[in-house]
Amino acid sequence: MENSRIRPRAVSHLQWLNSLPNDQAVTELKSCCGSSRWAAEVVSHRPFTTIGRLIDVATEAWWQLEPADWLEAFRSHPKIGQKKAATSTSGQSKAWSRTEQSGMREASAETAAALAKLNEDYEARFGHIFIVCATGKSSEEMLAILRERLENEPDDELQIAAAEQAKITELRLKKLIDSP
C-alpha cells in the first residue's frame, strides 16, 4: 500500500489530497480535526481548487455538526500540558499538538500544576477537555484563559470550545496542504 504522506514533487498538495481514495483522505483530514463525520463531509466536497475553498468547506461542515461530533474531535487532543489524547491519533496530529502547545515547555512547576488541577475541574464541570487554540500562547496565557472559561455556562462553553477547535482545524489544514 502506498504511503499517503508521500507526494510526488510535480503534484500540488491540493491535487494530492484530491487524488487520495476516500478512506485515506478521511484519515489525513482527521489529523486536522478528530471528528469522523466532519472528515467524511469535507472529503465529499472534493476536488478543492484552492486552500481557501477547502477551509470554507471545512468551516461550514464543522458548524453543521452535532455536539457529539464536536466532543469526538475534542477527544483527539491531549489536555493542555499532557502528551496523550483520549483517543488514538495520527503521528502527524501528535506532532502538531506538541508544536501547538510549545508554550508549555517554559511553564513553571507552579503553572503546570495549576493547569493540571484546573483541567480536571474543567472536565468535571463541562464533561469534556479544555480546548484552546494554543498556538503562540504562553502557559500563563493558557492558564488565564482556562480560569476565565471555568466561569462560563455549559452551553456557552461548548460553543466557545467548538470555536477554538475551528481555529485549530484551520491552522492544521494549512499545515497539511503546505507541508512537503
Side-chain angles (χ1 to χ4, degrees), residues 4-5 13-14 17-18 20-48 50-101 118-135 137 142 145-146 148-177 179:
S4 63
R5 298 291 314 160
H13 300 196
L14 276 173
L17 181 63
N18 290 334
L20 292 175
N22 284 350
D23 61 332
Q24 285 183 334
V26 165
T27 297
E28 291 295 334
L29 289 174
K30 281 188 70 179
S31 68
C32 300
C33 174
S35 166
S36 300
R37 201 165 141 224
W38 171 85
E41 180 64 21
V42 173
V43 165
S44 76
H45 285 82
R46 293 185 302 164
F48 300 108
T50 66
I51 183 72
R53 177 69 182 138
L54 171 59
I55 290 169
D56 287 347
V57 166
T59 301
E60 184 176 331
W62 176 250
W63 290 110
Q64 291 179 1
L65 295 176
E66 299 294 323
D69 301 304
W70 294 347
L71 296 174
E72 178 189 15
F74 299 170
R75 288 189 297 273
S76 71
H77 292 278
K79 293 177 184 176
I80 297 294
Q82 295 185 0
K83 294 182 174 139
K84 188 170 172 142
T87 59
S88 179
T89 58
S90 71
Q92 183 66 72
S93 184
K94 290 174 189 171
W96 285 337
S97 287
R98 281 191 300 275
T99 301
E100 291 159 359
Q101 291 194 34
L118 291 179
N119 270 329
E120 290 176 18
D121 294 349
Y122 180 99
E123 193 165 2
R125 174 162 164 70
F126 298 114
H128 58 84
I129 71 164
F130 170 64
I131 296 291
V132 65
C133 184
T135 300
K137 291 179 178 62
M142 289 184 273
I145 292 166
L146 176 52
E148 181 180 306
R149 287 182 41 198
L150 270 165
E151 302 301 318
N152 291 332
E153 291 300 317
D155 289 343
D156 295 336
E157 182 54 28
L158 182 60
Q159 291 291 319
I160 292 166
E164 291 296 306
Q165 174 65 56
K167 292 177 195 174
I168 295 165
T169 300
E170 181 174 340
L171 290 172
R172 288 182 174 193
L173 284 168
K174 289 176 180 175
K175 291 174 188 176
L176 179 70
I177 298 306
S179 66

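Treat the numbers as computed from the prediction; the structure is a model and nothing was measured. Starting from 1, each residue takes its place in the sequence as its number.
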**Message:** Run Trp38 and Thr169 through side chain to side chain contact (heavy atoms under 4.5 Å, CB included) and show every step you take.
**Reply:** CA-CA 11 Å; Trp38 171 85; Thr169 300; 3.6 Å; yes
**Request:** Compare every heavy atom of Phe74 with every heavy atom of His128, then report the nearest pair and how far apart it is.
**Result:** ND1-CD1, 3.7 Å
**Prompt:** What residues form a side chain to side chain donor-acceptor pair (under 3.5 Å) with Arg125, not counting sequence neighbours?
**Reply:** none
**Item:** Results of side chain to side chain donor-acceptor pair (under 3.5 Å) for Arg46 - residues two or more places apart only
**Value:** Asn22
**Item:** Electrostatic pair Arg75-Glu72, nearest N-O below 4.0 angstrom
**Value:** no
**Item:** Ala40 to Val26 - nearest heavy-atom pair and separation
**Value:** CA-CG2, 4.0 Å
**Prompt:** Is any side-chain heavy atom of Leu29 less than 4.5 Å from a side-chain heavy atom of Leu173?
**Reply:** yes
**Request:** Considering non-hydrogen atoms only, spot the tightest contact between Ile168 and Cys133 and give its length.
**Result:** CG1-CA, 3.8 Å
**Request:** Please name the pair of heavy atoms, one in Val42 and one in Phe48, separated by the smallest distance, quoted to 0.1 Å.
**Result:** O-CZ, 3.3 Å
**Asked** Does any non-hydrogen side-chain atom of Ile145 lie less than 4.5 Å from one of Lys137?
**Response** yes
**Message:** For Arg172 versus Ser31, what's the shortest heavy-atom pair and its separation?
**Reply:** NH1-O, 3.2 Å
**Item:** Minimal non-hydrogen separation, Pro78 against Ile129, with atom names
**Value:** O-CD1, 4.0 Å
**Results of side chain to side chain contact (heavy atoms under 4.5 Å, CB included) for Ala73 - residues two or more places apart only** = Cys33, Ser35, Trp62, Gln165
Donor-acceptor pairs under 3.5 angstrom involving side-chain atoms of residues 154-163: please list them, not counting sequence neighbours.
| from | atom 1 | to | atom 2 | distance (Å) |
| --- | --- | --- | --- | --- |
| Glu157 | OE1 | Arg149 | NE | 3.3 |
| Glu157 | OE1 | Asn152 | ND2 | 2.6 |
| Glu157 | OE2 | Tyr122 | OH | 2.5 |
| Glu157 | OE2 | Arg149 | NE | 2.7 |
| Glu157 | OE2 | Arg149 | NH2 | 2.6 |

**Message:** Filter on salt bridge (charged side-chain N to carboxylate O under 4.0 Å, His left out), then keep only pairs touching residues 59-71, sequence neighbours left out; what's left?
**Reply:** Arg37-Asp69
**Fill in**
Those residues at least two apart in sequence (or on a different chain) that pass side chain to side chain donor-acceptor pair (under 3.5 Å) with Asp121 are Lys117
**Test side chain to side chain contact (heavy atoms under 4.5 Å, CB included) applied to Thr59 - qualifying residues, sequence neighbours left out** = Ile55, Trp63
